Amino acid sequence: TDDFIKRISAELSPEPRDDDITLESDPTSYEEAIRDPRWRAAMLKEVTKLLQFDVFEFLDPSQVPSGILPAKMGWVFKTKRNGTKKARYVFFGNMLDRAACRDASSPVLHNDLTPRLLLTLANGSRRKNPDTVIFGADCTNAYLNATIDDLLVLVEIPIGFDGAGQIARLAKDLYGAYDSGRRWYDIVHGLLLEFKFKQSPYDSCLYSYVDPATQKMIVLCLYVDDLLGFGDSELVERLEAFLTKRAQVEFDSDPTDFL
């Protein structure tokens, strides 16, 4: 909307400038990144995403409780394997009082045995049923799906926003928050159970679904915000439609890597 677009600093415009440089390595600070138009574009994308998800509840000075210091946040920059420039604004979770947080642990794959076994089963299923497909899925902006409603977390609006330094309440989870992984796991676990998946008793990140009418199935494993699985093509299409209506999930019908 026009309201949040106004909150984006003009400093992040990727338009060429006379003092632009091309960094040979990933920047280590905002001041360094702002001089490269590629990293300005990456930061602009991140800031826009945070505003679209209503991550910050902007407060008037009169709304800021006395005696509560805002938590620290900062930029992290990384060039991905495909060359994409990724800028993340992260929460310094070590600054949060952990005594105020719930149990932050969340299940993860035991090791690489589960996805290897899954792919072995997928190849066997393909020989029996030509409609079997192997798929991957990436839950983009995964942590931003989780709402923080049980904690009052104040943060200082970051550089890159118009009004940097203003105090806001953190309304959605960010990477780096102490229990953000657990909050996201609760969401995706709940979605899979809603679809009627069953969780394996041997690996908490392995799920299976059997269609009661056709006995066709889907088997998938979860690693934070990535899915890898196989199943009947029609069922996989149903799963894709189900998940994409409830979260930003991008399906890949020909995955080449996982983890």
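These numbers come from a predicted model, not from an experiment.
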Requested in this report: May I ask you to check whether over 12 heavy atoms, not counting those of Asp18, lie within 6.0 Å of atom CG?
Outcome: no

Report task. Measure the spacing between CZ of Arg182 and NE2 of His189 and express it to the nearest 0.5 Å. Result -> 8.5 Å

Report task. Calculate, to the nearest 0.5 Å, the distance between atoms CD and CZ belonging to Glu194 and Phe242 respectively. Result -> 3.5 Å

Requested in this report: Taking atom types as modelled, find out whether Lys198 and Ser208 have a side-chain donor-acceptor pair closer than 3.5 angstrom.
Outcome: no

Requested in this report: For Arg88, check salt bridge (charged side-chain N to carboxylate O under 4.0 Å, His left out) against everything at least two apart and list the hits.
Outcome: none

Query raised in the report: Can the positive tip of Arg183 be found less than 6.0 Å from the middle of the six-membered ring of Tyr185, inside 45° of the ring normal?
Result: no

Query raised in the report: Atom CG of Leu239 and atom CG of Leu227: how far apart are they, to the nearest 0.5 Å?
Result: 7.5 Å

Requested in this report: Please report the C-alpha distance between Lys172 and Ile148 in whole Å, then the side-chain angles of each, then the deciding distance to 0.1 Å, and finally whether the side-chain contact (heavy atoms from CB on, under 4.5 Å) criterion is met.
Outcome: CA-CA 5 Å; Lys172 299 287 184 68; Ile148 299 177; 5.9 Å; no

Query raised in the report: Got a sec, which residues hit ring pair (Phe, Tyr, Trp, His ring centres under 6.0 Å) with Tyr209, two or more places apart in sequence or on another chain?
Result: Phe195, Phe197

Requested in this report: Report yes or no: do Asp131 and Ser233 form a side-chain donor-acceptor pair below 3.5 Å?
Outcome: no

Query raised in the report: What do you reckon, is NZ of Lys45 surrounded by more than 12 foreign heavy atoms closer than 6.0 Å?
Result: no

Requested in this report: Only pairs at least two apart or in different chains count here, so list each salt bridge (Lys or Arg N to Asp or Glu O under 4.0 Å) that has a residue in residues 228-244.
Outcome: Asp211-Arg238, Lys216-Asp232

Query raised in the report: Just by distance, with hydrogens left out, do Asp60 and Ser62 show a side-chain donor and acceptor under 3.5 Å apart?
Result: no

Requested in this report: Check the pair Arg40, Asp36 against salt bridge (Lys or Arg N to Asp or Glu O under 4.0 Å), reporting the backbone distance first and the verdict last.
Outcome: CA-CA 6 Å; Arg40 287 201 301 273; Asp36 188 323; over 6 Å; no

